[in-house]
Amino acid sequence: MFNEKPVALLIKEIIIENERVKTFVIDGEMDFKPGQFTMCWIPGFDEKPFGLVSRKKSEFMITVAAVGTSTKALHMMEVSDMLGFRGPFGSAFILPVSGSIALIAGGYGMASLFNLAKEAREKGIDVHVFLGARNKDELLYLDWMKELGAVLHLATDDGSEGYKGFNVQVFEDWVKNEGGPRGGIFTKVYTVGPEIMEMKIASICWEKSIPFEVSLERYMKCGFGICGQCCVDPVGWRMCVEGPVINGEKLKQITEFSKYHRTASGKIEKYPWNKDK
Amino acid sequence: MSINLSVNLAGIKLKNPTILASGIMGISAASLKFCEENGAGAVTLKSIGHNERIGHNNPTVYVWENGIHNAVGLPNPGIDGSIDKMSEMLNVLSIPLIGSMFADTIDNFVMVAKKMAALNPAIIELNLSCPNTADDLGRMYASDVKMTHDVVSAVKKIVGNIPLFAKLTADVTDIVEIGKSAEAAGADGLTAINTVSGINIDIYQKRPILKNKVGGLSGPAIRPIGVRAVWNLYQAVKIPIIGTGGINTGEDAIEYIMAGASAVGIGSGVWYRGIDVFKKVTDEMKVFMEKNNYHSIEDMKGIAHV
Ligand SMILES: Cc1cc2nc3c(=O)[nH]c(=O)nc-3n(C[C@H](O)[C@H](O)[C@H](O)COP(=O)(O)OP(=O)(O)OC[C@H]3O[C@@H](n4cnc5c(N)ncnc54)[C@H](O)[C@@H]3O)c2cc1C
Ligand SMILES: Cc1cc2nc3c(=O)[nH]c(=O)nc-3n(C[C@H](O)[C@H](O)[C@H](O)COP(=O)(O)O)c2cc1C
Ligand code: FES
């Protein structure tokens with residue numbers, strides 16, 4: 001099913017993941033590929049992009065971190081309330097035929113990666129998940145990932161679960177220990193999360209020549225490639241059509257990656273860690 | 001037989017008559033270059049105003065059964081925040097750039113036009129017809145003969161040799177009166193049409209879909225409205241017209257040209273046919289011309305006026 005116009009659907013269930021994150025189970029089908037997103041209309045507020053998740057065909061989910069006005073409004077909604085959905089939009093992750101893959105997720109990034117893990121396991125591909133969060137409660141989808149039979153590598157800022165520190169470090173150590181008991185190389189790597197984390201993963205993969213894909217999030221309005229809001233420099237590709245999933249080779253051409261993005265007015269905003277001119 | 005697809009638009013040479021319409025892509029040099037690489041003969045930037053605007057909240061754009069519906073609300077960084085961007089566009093593009101602009105008052109139109117003209121784009125287009133900003137920008141200039149005349153003549157005085165186009169709306173009693181008034185005020189060309197005002201209601205949510213409630217319709221639904229507008233204008237003015245509204249195929253473009261358009265604007269077609277819509281439309285025009293023995297766009301211009 002592809003929705004051009006927003007389709008009104010009921011919230012069937014709300015899962016409280018932690019203080020800041022809720023998963024909304026939606027009563028309806030969305031025929032998407034892993035990595036694609038939906039535009040979710042919160043009536044009276046706004047319409048925003050969210051990664052698509054599904055565990056069975058008759059329903060789909062979005063996992064939402066309350067960060068601003070519309071996501072907070074979404075968190076106020078209740079079971080049986082209605083949301084509008086357009087999509088699915090954007091490019092999708094591509095799995096290797098066989099081998100083992102690593103998924104590196106931060107923040108709500110696991111949402112865009114869950115169905116990739118599911119599909120990979122169904123195809124008999126080994127899945128290693130390097131999941132990072134502030135603390136134990138914020139590690140998303142742990143039970144679901146265990147159910148799939150993924151190998152979990154956890155990291156928390158406060159050390160309440162797994163490694164104390166960043167998941168990027170855990171991943172890097174693993175890749176560097178290639179051949180060792182706690183290490184190995186991957187057929188392909190996928191990462192979704194804060195752009196600074198994605199950048200670090202990209203550098204490791206480029207250095208080690210591991211094929212990888214990232215999901216590059218840019219401010220979205222139309223979601224289907226006409227408003228130009230999500231175009232990246234200097235190639236002009238639309239992150240809602242040619243992206244959000246971009247492979248490591250193409251990523252080299254996107255020079256704004258990890259440097260800046262555009263706000264709702266189209267103005268360039270540098271990332272705080274970018275010290276360039 | 002050799003076929004010449006190039007056109008001369010108010011003295012500006014285009015390698016083919018397809019022009020990216022304002023507000024589609026058009027947000028950065030990169031996004032316009034992407035359209036050039038996909039075959040556009042010229043590109044128009046997203047309208048720039050006197051100050052920064054973030055536009056309306058979403059939903060701002062979606063596809064409905066017969067077209068696209070939008071009330072983006074003219075988001076843009078403002079002219080001062082756009083100078084570097086426009087210079088970069090002019091640097092990287094090898095096709096003509098049309099600078100689209102809007103403002104609230106005539107003084108602000110003049111201010112923006114002055115700064116834009118200093119950069120020397122191929123054409124300056126006055127967006128006098130955005131249907132989605134009445135709440136803060138007031139009535140569309142192109143809804144009134146006198147307002148159109150006043151703004152065009154004020155801007156014409158300061159843009160020097162840069163051809164000046166006025167973009168019109170079909171949401172008026174008589175578009176011909178408005179077109180004639182723009183011509184009399186010194187416009188070098190017209191763009192017709194902007195989107196057509198409309199509302200779609202989500203009957204389950206019991207509210208209009210667009211956050212702005214009212215928005216502009218574009219795409220196939222409005223093509224006959226645009227063709228009619230170009231048809232009437234062609235009979236009344238001597239200046240060239242960029243025919244815009246619902247052009248998805250080469251046949252659609254030729255329909256506009258036969259009604260009297262000198263070139264064609266394409267916006268929604270970027271969704272219907274993909275980013276390479278410009279190349280597709282141009283190729284399809286060529287096939288039609290070969291089959292029907294036309295050598296140039298000029299051969300077909302206005303010939304439906306039998
Ligand atoms: C492809 C894609 C997938 C995403 N998937 C998820 C997900 O699965 N779960 C999740 O919680 N969040 C996801 N997001 C981010 C989510 O869209 C924003 O958090 C949300 O729009 C914030 O809205 P707000 O009004 O609450 O916050 P605001 O205060 O408006 O903004 C907070 C932050 O969110 C970003 N943001 C705001 N509006 C947009 C927009 N229209 N498009 C992109 N970014 C925006 C801003 O850059 C800002 O940094 C995704 C974004 C993209 C582009
Ligand atoms: C999303 C969107 C944004 C637009 N923004 C502008 C704009 O900023 N300035 C303008 O003059 N026209 C704007 N338009 C109108 C188009 O330039 C064009 O006149 C109209 O869409 C009809 O052409 P089409 O059917 O090919 O889309 C916009 C149209 C769309 C769909
Ligand atoms: S969000 Fe409009 S082009 Fe991508």
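The figures that follow rest on heavy atoms only: side chains count, while hydrogens, waters and symmetry mates do not. Within every chain, numbering begins at 1; the chains are lettered A, B, ... in the order of the sequence lines, protein sequences first and strands thereafter. Note that this is a predicted model, so its numbers are computed, not measured.
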Top contributor to chain B interface from A:Ser265, A:Gly223, A:Gly236, A:Gly266 [non-hydrogen pairs under 4.5 Å]: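 Between A:Ser265, A:Gly223, A:Gly236, A:Gly266, the count favours A:Ser265.
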What residue, out of A:Gly84, A:Cys231, A:Pro234, A:Cys227, has the most heavy-atom pairs lying under 4.5 Å from chain B?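 Sorted descending by pairs with chain B, the first entry is A:Cys227.
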Would you say A:Lys267 has more than 12 foreign heavy atoms packed within less than 6.0 Å of its NZ?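 Result for NZ/A:Lys267: open.
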Does a sphere of radius 6.0 Å around CD1 in B:Ile54 hold more than 12 heavy atoms from other residues, nucleotides or ligands, not counting ones at 6.0 Å or beyond?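 It does not: B:Ile54 CD1 has 12 such atoms or fewer within range.
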Is the shortest distance from a Lys or Arg side-chain nitrogen in A:Arg262 or A:Glu269 to a carboxylate oxygen in the other one below 4.0 Å?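 Salt bridge absent between A:Arg262 and A:Glu269.
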Do the charged groups of B:Lys279 and B:Asp283 touch, with an N to O distance under 4.0 Å?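 Looking at B:Lys279 and B:Asp283, the cut-off is met.
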Among the listed options [options], the residue most often paired with chain A at heavy-atom distances under 4.5 Å:
options: B:Asn76, B:Thr60, B:Val92, B:Asn200; answer: B:Asn76
options: B:Val270, B:Val61, B:Val63; answer: B:Val63
options: B:Pro59, B:Gly81, B:Ala29, B:Ser28; answer: B:Pro59

Under 4.5 Å heavy-atom distance to chain B, tell me which part of [X] shows up: side chain, backbone, both or neither.
X: A:Gln229; result: both
X: A:Leu83; result: backbone
X: A:Val232; result: backbone
X: A:Met220; result: backbone

Does any backbone or side-chain atom of B:Leu74 lie under 4.5 Å from a heavy atom of chain A? Answer side chain, backbone, both or neither.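 Contact with chain A: none, neither part.
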Which atoms of B:Lys211 approach chain A - backbone, side chain, both or neither, heavy atom under 4.5 Å: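 Side chain of B:Lys211 only, per the 4.5 Å heavy-atom cut-off to chain A.
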Less than 6.0 angstrom separating the ring centers of A:Phe60 and A:Phe85, yes or no?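 Yes; A:Phe85 has its ring centre under 6.0 Å from that of A:Phe60.
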Under 6.0 Å between ring centres: does that hold for A:His261 and A:Tyr219?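 For A:His261 and A:Tyr219, the ring centres are not under 6.0 Å apart.
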Using distance alone, with no hydrogens and no angle criterion, decide if B:Ser100 and B:Ser47 have a side-chain donor and acceptor under 3.5 Å apart.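 Their side chains do contain a donor-acceptor pair, which is all the 3.5 Å distance test asks for.
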Reported OG1-to-CD1 distance for the pair A:Thr69 and A:Ile42, which is rounded to 0.5 angstrom: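 Spacing of OG1 (A:Thr69) from CD1 (A:Ile42) equals 10.0 Å.
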